[in-house]
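The structure appears below as structure tokens.
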Amino acid sequence: MLKNKLVLEINNVKKYYNSFLALNNISLKINSGELVVLLGPNGAGKSTLFSIITGLMRADSGACLINGYNIADNTISALKNLGVVFQQPTIDLELTVKQNLLFHSRLHGIDLNLVKKTIYEELVKTGLEKKINNKARTLSGGERRKVELIRSLLHKPKMLLMDEPTVGLDPGSRTDLLRKILNLKKTKSLSILWTTHLVDEAEKADKIIILNKGIIKTAGTQSEILSLAKEKNLANAFLKIVKGE
Ligand code: ADP
Ligand code: MG
């Protein structure tokens, strides 16, 4: 297995909404098998950065490369390497779990006979196989997010983006989702960029990036951030860094 292969590289990205600078010179790197948490309060610029990585918006300057492909010039090749779970759920509530997953597979040109087996196996791992023919509407928020996660990985991307995936979930579902992500990282060497404003979700990350008002305030392991902020817990360190004390 390749170690330390660069999967996501963002160089000096700037993004304006009219004259408002939403992202100011953002640079970051994620290697294969790394879980990076982008931690920032509401309005920090997390979703804006996601829109740029997914090619929904263009950066005003700078570059974003996914597995070496520039999202702005080589969008299709770049997106092949990317699985995405957006902040707002994008599952069709009137379709069954199976229909949601099969439709997405068709869009990606995945062999349906092969993917049917994968879908079933993944639903079994998540304990959702009995709900395969239920409409998504009948699932809980946590279950819907799990279906979205399965869907985001059907085309076997190298990198997974999750934008505040635990918003609205109960504590049990939150822990469940995080556990599943850690398992994917370990077993599949998947690279993950997870955004959140919740400090406790950052504790398992290989690297934490603290974003505030469009600026990366600091980046490093939890212990590096604690020692930089001269604090014993991440919640205090986060507050201190965001306030710029
Ligand atoms: P986060 O996801 O961290 O909460 P966003 O990326 O959604 O932050 O927003 C970053 C900043 O950009 C906020 O101040 C927000 O109000 C502003 N913003 C986001 N989208 C737009 C838009 N389409 N037009 C103008 N301002 C926007
Ligand atoms: Mg957001």
Side-chain angles (χ1 to χ4, degrees), residues 8-30 35-66 71-72 75 78-79 82-91 141-142 144-146 148-149 151-152 159-171 173-174 177-178 181 191-205 207-220 222 225 229 234-244:
L8 178 71
E9 187 176 4
I10 297 178
N11 287 322
N12 297 317
V13 159
K14 273 195 185 184
K15 176 69 195 171
Y16 286 91
Y17 293 115
N18 299 317
S19 61
F20 174 72
L21 183 57
L23 294 174
N24 189 357
N25 266 337
I26 301 298
S27 295
L28 61 94
K29 286 180 180 164
I30 304 185
L35 168 61
V36 175
V37 168
L38 186 65
L39 181 63
N42 288 332
K46 304 183 294 297
S47 294
T48 301
L49 187 61
F50 262 53
S51 296
I52 288 168
I53 302 173
T54 51
L56 289 171
M57 259 174 2
R58 272 193 176 234
D60 292 304
S61 59
C64 167
L65 296 122
I66 305 160
I71 187 71
T75 314
L79 286 180
L82 203 63
V84 188
V85 178
F86 288 106
Q87 184 165 1
Q88 292 298 330
T90 58
I91 197 162
R144 290 177 197 172
R145 277 269 119 143
K146 282 179 197 160
E148 285 191 292
L149 176 60
R151 185 183 61 182
S152 73
M159 166 104 226
L160 172 67
L161 300 182
M162 298 190 94
D163 195 6
E164 305 226 27
T166 60
V167 166
L169 300 190
D170 59 65
S173 306
R174 272 179 60 193
L177 195 63
L178 195 53
I181 290 300
S191 310
I192 302 145
L193 181 62
W194 171 298
T195 80
T196 185
H197 62 275
L198 302 168
V199 173
D200 58 325
E201 289 180 7
E203 283 168 354
K204 294 275 192 303
K207 191 156 88 187
I208 302 167
I209 298 172
I210 297 182
L211 184 74
N212 191 38
K213 296 184 180 162
I215 294 168
I216 292 182
K217 306 292 283 186
T218 188
Q222 179 169 200
I225 289 176
L234 194 57
N236 288 347
F238 175 57
L239 282 177
K240 206 175 198 178
I241 289 165
V242 163
K243 281 187 192 152

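When a ligand or atom number is given, it counts from 1 through the structure's own listing order.
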Which of the numbered atoms in ligand 1 are below 4.0 angstrom from a heavy atom of [X]?
X: Ser47; result: 1 (P), 2 (O), 6 (O), 7 (O)
X: Ala44; result: 1 (P), 3 (O), 8 (O)
X: Asn42; result: 4 (O)
X: Thr48; result: 5 (P), 6 (O), 9 (O), 10 (C)
X: Phe20; result: 11 (C), 12 (O), 14 (O), 17 (C)

Close approach, Gly45 and ligand 1, non-hydrogen under 4.0 angstrom: yes

Lys46 (side chain) donor-acceptor with Gly40 (main chain) under 3.5 angstrom: yes

N/O separation below 3.5 Å, Glu164 to ligand 1: no

Within-cut-off N or O pair, Ala22 and ligand 1, under 3.5 Å: no

Is_contact(atom 3 (O) of ligand 1), protein non-hydrogen, under 4.0 Å: yes

At the Mg ion (ligand 2): angle between Ser47 atom OG and Gln87 atom OE1, to 10 degrees: 80°

Protein contact of atom 23 (N) of ligand 1 - nearest heavy atom, named by residue and atom, plus distance: Tyr17 CE2, 3.7 Å

Distance, nearest 0.5 Å, that separates CD of Gln87 from OG1 of Thr195: 6.5 Å

